[in-house]
Novice: 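Take a look at this one; I'll ask things after.
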Amino acid sequence: MRTQHIVYFLHAKDDDFCKIGESAEGRWLKERIRDYEKFKATRVTLIGYQYCESKEAAKALERKLLDQFDRIGSQDLVRIDPELVNYIEKECAHVESRHLTSLLSVPNYDDFDKEDGLKVQEHIKEVRIAKEEYTKAKRKSDEAFAAMEGAQQAYAASEGKQKRYLEDLAQKLRQKNWEIKKIAEVTGQSEDWVKNVVYKREQTRLVW
């Protein structure tokens, strides 16, 4: 007799999730149910099972269903929701419809207070305004940063230009036999600075 493989759904009393597993039909499935009852220490209901062509097909379907529904971590458990219930009722050969229906509590959408709805809209508005203010501030900050960077580059260029001018002036005055002290007064630099500039030039000429 050919072994029939299945994927089953088990529910333990008071749980808001069910176990998905693969097994062969008959005593093998009953053993799975008994093992789960021992583990949970409570009554377990077989809420549905789906026939598969082979053990490999059953394992593949088990993995697919665990990924498809709201799986709890890496366990073989999925949370019970309307999507899961609808799948079992449509795809499974054995279905405990009454038990399945009792697992779902249908929310009363009229219970949602209109004031709560207004508060939601108010929060959405606050977030939108805060985002607009942030965008404006960021744009100004970016513009200020760009201006500061431009000013910094201009300052560095000006400083370099001034340095070259003063160095050239000090060297020209030295070539006219000006005293170090007088060159320092004219350029506004220290005597040590003047000495460093003019002696450096004179040493370069000596080398060449």
Side-chain angles (χ1 to χ4, degrees), residues 6-22 32-33 36-37 39-52 57-161:
I6 61 171
V7 170
Y8 59 81
F9 299 79
L10 301 181
H11 176 253
K13 184 181 179 183
D14 299 327
D15 282 348
D16 61 353
F17 54 84
C18 73
K19 174 182 174 63
I20 296 179
E22 64 84 21
R32 296 283 194 282
I33 296 173
Y36 196 45
E37 282 181 330
F39 174 74
K40 297 294 292 186
T42 187
R43 181 171 56 83
V44 169
T45 302
L46 175 65
I47 53 179
Y49 60 76
Q50 189 172 354
Y51 287 111
C52 299
K59 284 183 173 294
L61 179 60
E62 177 191 16
R63 290 193 298 271
K64 175 179 177 294
L65 294 176
L66 287 171
D67 291 336
Q68 178 177 339
F69 297 110
D70 187 9
R71 188 174 187 178
I72 300 175
S74 59
Q75 303 179 72
D76 53 357
L77 306 172
V78 295
R79 298 194 186 281
I80 296 170
D81 57 23
E83 184 182 359
L84 176 68
V85 171
N86 183 60
Y87 177 88
I88 294 173
E89 289 181 335
K90 284 186 176 181
E91 303 295 336
C92 289
H94 169 86
V95 180
E96 286 288 345
S97 297
R98 181 184 294 180
H99 186 79
L100 266 178
T101 306
S102 69
L103 298 177
L104 289 177
S105 57
V106 181
N108 182 7
Y109 296 108
D110 293 332
D111 287 342
F112 190 69
D113 197 333
K114 290 183 179 179
E115 288 188 11
D116 288 331
L118 293 175
K119 288 178 182 178
V120 170
Q121 294 303 316
E122 188 63 28
H123 283 300
I124 292 174
K125 182 180 178 183
E126 287 179 6
V127 171
R128 179 177 55 79
I129 293 173
K131 183 179 180 181
E132 290 174 355
E133 292 298 320
Y134 165 75
T135 303
K136 290 178 184 176
K138 187 176 185 303
R139 184 169 61 248
K140 289 182 179 178
S141 174
D142 292 342
E143 290 172 353
F145 180 77
M148 181 186 72
E149 207 171 38
Q152 185 181 31
Q153 291 173 354
Y155 167 69
S158 177
E159 189 178 40
K161 184 178 180 181

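Quick note: residue numbers are just sequence positions, from 1.
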Novice: Taking all non-hydrogen atoms of both residues into account, name the closest pair between E62 and G21 and its distance.
Specialist: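 Looking at all heavy atoms of both residues, the shortest contact is OE2-CA, 3.5 Å.
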Novice: What is the distance from atom CG of L84 to atom CD of E89, rounded to the nearest 0.5 Å?
Specialist: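 With rounding to 0.5 Å, CG (L84) is 10.0 Å from CD (E89).
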Novice: Would you check if I80 and D16 make a side-chain contact, meaning some heavy-atom pair closer than 4.5 Å?
Specialist: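 Side chain of I80 against side chain of D16, heavy atoms only: no contact under 4.5 Å found.
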Novice: Within the 4.5 Å heavy-atom criterion, are L10 and E37 side-chain neighbours or not?
Specialist: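 Heavy-atom side-chain distance check fails, nothing below 4.5 Å.
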Novice: State plainly whether the residues R63 and D67 are in salt-bridge range, i.e. N to O under 4.0 Å.
Specialist: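 Salt bridge between R63 and D67, a charged N being under 4.0 Å from a carboxylate O: no.
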Novice: Fit a plane to each ring of Y87 and F9, take the angle between them on a 0 to 90° scale, and name the class: parallel (under 30°), tilted (30 to 60°) or perpendicular (over 60°).
Specialist: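 Correct class here is tilted.
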Novice: Which heavy atom of G48 sits nearest to which heavy atom of I88, and what is that distance?
Specialist: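 What the structure gives for the nearest pair is CA-CG2, 4.2 Å.
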Novice: Between R71 and D76, is there a salt bridge with N-O shorter than 4.0 Å?
Specialist: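 R71 and D76: not salt-bridged.
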Novice: Would you check if the side chain of S141 reaches a backbone N or O of A137 as a donor-acceptor pair within less than 3.5 Å?
Specialist: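 Checked: no pair found.
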Novice: Contact between V85 and D81 at the side-chain level, heavy atoms closer than 4.5 Å - yes or no?
Specialist: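 A side-chain contact is absent here, since even the closest heavy-atom pair is not under 4.5 Å.
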Novice: State whether the side chain of H11 and the backbone N or O of D15 hold a donor-acceptor pair below 3.5 Å, judged by distance alone.
Specialist: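 Yes, because the side chain of H11 sits within donor-acceptor range (under 3.5 Å) of the backbone of D15.
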Novice: If we ignore angles and hydrogens, is there a donor and acceptor under 3.5 Å between the side chains of T45 and R43?
Specialist: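 Note: T45 and R43 side chains meet the donor-acceptor criterion.
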Novice: Look up atom CG in L66 and atom NZ in K64, then write down how far apart they are to the nearest 0.5 Å.
Specialist: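 Answer rounded to 0.5 Å: 11.0 Å.
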Novice: Between I72 and R79, is any pair of side-chain heavy atoms under 4.5 Å apart?
Specialist: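 Touching, per the 4.5 Å side-chain cut-off.
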Novice: How far does CG of L118 sit from NZ of K125, to the nearest 0.5 angstrom?
Specialist: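 The distance works out to 12.0 Å.
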Novice: I need the E126 CD to K131 NZ distance, nearest 0.5 Å.
Specialist: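 Result: 16.0 Å between the selected atoms.
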Novice: Find the distance between CZ (R128) and NE2 (H123) and round it off to the nearest 0.5 Å.
Specialist: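 R128 CZ to H123 NE2: 14.5 Å, rounded to 0.5 Å.
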Novice: Identify the heavy atoms of V7 and A58 that sit nearest to each other, and give their distance.
Specialist: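 Scanning both residues completely, I find the closest heavy atoms to be CG2-O, 3.3 Å.
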Novice: Hey, are the side chains of I33 and L46 touching, using non-hydrogen atoms and a 4.5 Å cut-off?
Specialist: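 Counting from C-beta outward, I33 and L46 do come under 4.5 Å.
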Novice: Would you say V78 and C18 make side-chain contact, with heavy atoms under 4.5 Å?
Specialist: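 Sidechains of C18 and V78: in contact.
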Novice: Identify whether NZ of Lys or CZ of Arg in K19 sits under 6.0 Å from the centre of the six-membered ring of Y36 and within 45° of that ring's axis.
Specialist: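 Yes, K19 sits over the ring of Y36.
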Novice: Any side-chain heavy atom of L61 sitting closer than 4.5 Å to one from Q50?
Specialist: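 Side-chain contact under 4.5 Å: yes.
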Novice: Could you tell me whether E132 and K136 make a salt bridge, using a distance below 4.0 angstrom between a side-chain N and a carboxylate O?
Specialist: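 Salt bridge: no.
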Novice: Nearest 0.5 Å, please: how far is OH in Y8 from CZ in R32?
Specialist: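 It comes to 5.5 Å.
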Novice: Just to verify, which of K138, K140, R139 counts as forming a salt bridge (Lys or Arg N to Asp or Glu O under 4.0 Å) with D142?
Specialist: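 Considering K138, K140, R139, a salt bridge (Lys or Arg N to Asp or Glu O under 4.0 Å) with D142 is found only for K138.
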